[in-house]
Q: 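Before I ask anything, let me first share the structure, which is written out below as structure tokens.
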Amino acid sequence: MSQEKMIEDMVREVLKSMTKGSAPAAQTAQAAPRVATQGLNPDRDYPLATKRPELLKSPTGKKLSDITLANVLNGDVKPQDVRIAPETLRMQGEIADGVGRTQFGDNLRRAAELTAIPDERILQIYNALRPYRSTRAELIAIADELDTKYNAKINAAFVREAAGVYERRNRLRAE
């Protein structure tokens with residue numbers, strides 16, 4: 001058995017053991033909405049890059065097999081070609097759900113939404129979410145922007161929830 005296969009099997013066993021006795025997804029508080037799945041099975045399909053590479057594409061449409069050192073050196077692969085695609089994050093979320101790691105799966109779905117938002121705007125939103133940095137109205141405006149401009153429904157709900165929590169805990173910036 002190769003060392004890579006042994007590590008893969010150990011990771012799979014650790015993930016399975018971590019989920020024993022955990023609450024089912026339906027019982028978790030405010031779980032992120034689930035989207036249509038690809039029918040992935042962690043035992044059969046994980047890791048995706050090894051077992052299902054045909055499913056993986058960059059945001060620019062390059063296949064995983066196209067991303068080689070030779071293609072980087074000859075200029076056929078650009079930086080935007082090696083960014084993760086939202087579909088890949090959603091598939092990884094599905095794999096996480098399949099081993100009972102629903103919170104991790106939810107995090108991956110939130111990350112998938114964030115890929116559509118420019119990095120500079122992400123940093124602005126991050127700073128706005130720090131305590132005492134924003135008013136309730138400013139946070140609600142950010143949530144509305146995430147919802148309408150970027151179709152980031154899960155993240156918009158998160159920002160709305162943060163606005164409510166900050167208000168209850170007196171962590172909003174005074175107007």
Side-chain angles (χ1 to χ4, degrees), residues 1-123 125-126 146-159 161:
M1 179 181 291
S2 75
Q3 187 174 12
E4 188 176 288
K5 175 74 171 129
M6 284 184 356
I7 292 171
E8 181 182 315
D9 290 342
M10 285 190 308
V11 168
R12 187 174 286 112
E13 287 304 311
V14 168
L15 288 174
K16 283 181 184 176
S17 71
M18 290 173 65
T19 62
K20 288 184 180 171
S22 64
Q27 294 176 357
T28 58
Q30 296 184 349
R34 301 288 188 258
V35 293
T37 63
Q38 302 239 358
L40 297 173
N41 177 306
D43 292 327
R44 180 188 66 228
D45 300 319
Y46 180 82
L48 292 171
T50 303
K51 295 187 177 176
R52 298 297 302 276
E54 75 281 1
L55 296 177
L56 303 178
K57 291 187 175 56
S58 74
T60 60
K62 289 216 185 295
K63 295 183 289 185
L64 186 59
S65 59
D66 295 335
I67 301 174
T68 64
L69 181 57
N71 285 342
V72 169
L73 293 174
N74 71 22
D76 288 340
V77 174
K78 308 278 189 256
Q80 61 269 28
D81 296 322
V82 293
R83 295 182 70 127
I84 194 159
E87 297 80 17
T88 301
L89 288 163
R90 285 191 281 275
M91 284 187 280
Q92 292 288 15
E94 186 177 339
I95 293 287
D97 290 343
V99 294
R101 303 282 315 272
T102 56
Q103 287 180 321
F104 183 52
D106 293 344
N107 288 343
L108 290 165
R109 281 181 281 282
R110 281 190 289 275
E113 286 186 351
L114 294 176
T115 62
I117 304 168
D119 294 345
E120 183 178 312
R121 184 62 182 134
I122 295 275
L123 291 173
I125 292 169
Y126 169 80
L146 290 169
D147 203 357
T148 58
K149 185 173 182 179
Y150 299 108
N151 197 31
K153 308 275 185 216
I154 301 168
N155 285 283
F158 172 77
V159 174
E161 180 182 354

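Because the structure is a prediction, the values reported are computed rather than measured.
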Q: Check step by step if side-chain contact (heavy atoms from CB on, under 4.5 Å) holds for Arg121 and Ile125.
A: CA-CA 6 Å; Arg121 184 62 182 134; Ile125 292 169; 3.8 Å; yes
Q: With distance as the sole test, does Asn71 use its side chain to make a donor-acceptor pair with the main-chain N or O of Val77 at under 3.5 Å?
A: no
Q: Of all residues at least two apart in sequence or in a different chain, which pass the side-chain contact (heavy atoms from CB on, under 4.5 Å) check with Ala49?
A: Leu56, Leu64
Q: Could you pull out all residues at least two apart from Asn41 that satisfy side-chain contact (heavy atoms from CB on, under 4.5 Å)?
A: Asp43, Arg44, Asp45
Q: Using atom types as modelled, flag every donor-acceptor pair under 3.5 Å from a side chain in residues 79-88 to any protein atom, sequence neighbours excluded.
A:
from  : atom 1 : to     : atom 2 : distance (Å)
Asp81 : OD1    : Thr60  : OG1    : 2.4
Asp81 : OD2    : Lys78  : N      : 2.7
Arg83 : NH2    : Asp119 : OD1    : 3.4

Q: Can you see which heavy atom on Arg109 is nearest to which on Asp106, and at what distance?
A: NH2-OD1, 2.9 Å
Q: According to salt bridge (Lys or Arg N to Asp or Glu O under 4.0 Å), who are the partners of Glu54, at least two apart in sequence or on a separate chain?
A: Arg52
Q: Taking side-chain contact (heavy atoms from CB on, under 4.5 Å) as the test, write out the residues that go with Leu114, two or more places apart.
A: Ile117, Ile122, Asn155
Q: Give, for atom CG of Leu108 and atom CZ of Arg101, the distance between the pair rounded to the nearest 0.5 Å.
A: 9.5 Å
Q: List for me each residue that meets side-chain contact (heavy atoms from CB on, under 4.5 Å) alongside Lys57, sequence neighbours excluded, and say none if there are none.
A: Lys63
Q: Measure the CG-OG1 distance between Leu89 and Thr115 for me, rounded to the nearest 0.5 Å.
A: 6.5 Å
Q: Rounded to the nearest 0.5 Å, how far does CG of Asn107 lie from OG1 of Thr102?
A: 10.0 Å
Q: Does the Glu113 side chain pair with the main chain of Ile154, one donor and one acceptor, at a distance under 3.5 Å?
A: yes
Q: Would you find more than 12 non-hydrogen atoms of other residues, nucleotides or ligands less than 6.0 Å from Tyr150 atom OH?
A: yes
Q: With side-chain contact (heavy atoms from CB on, under 4.5 Å) as the test, would you mind laying out the steps for Leu55 and Leu40 before giving the verdict?
A: CA-CA 11 Å; Leu55 296 177; Leu40 297 173; 3.8 Å; yes
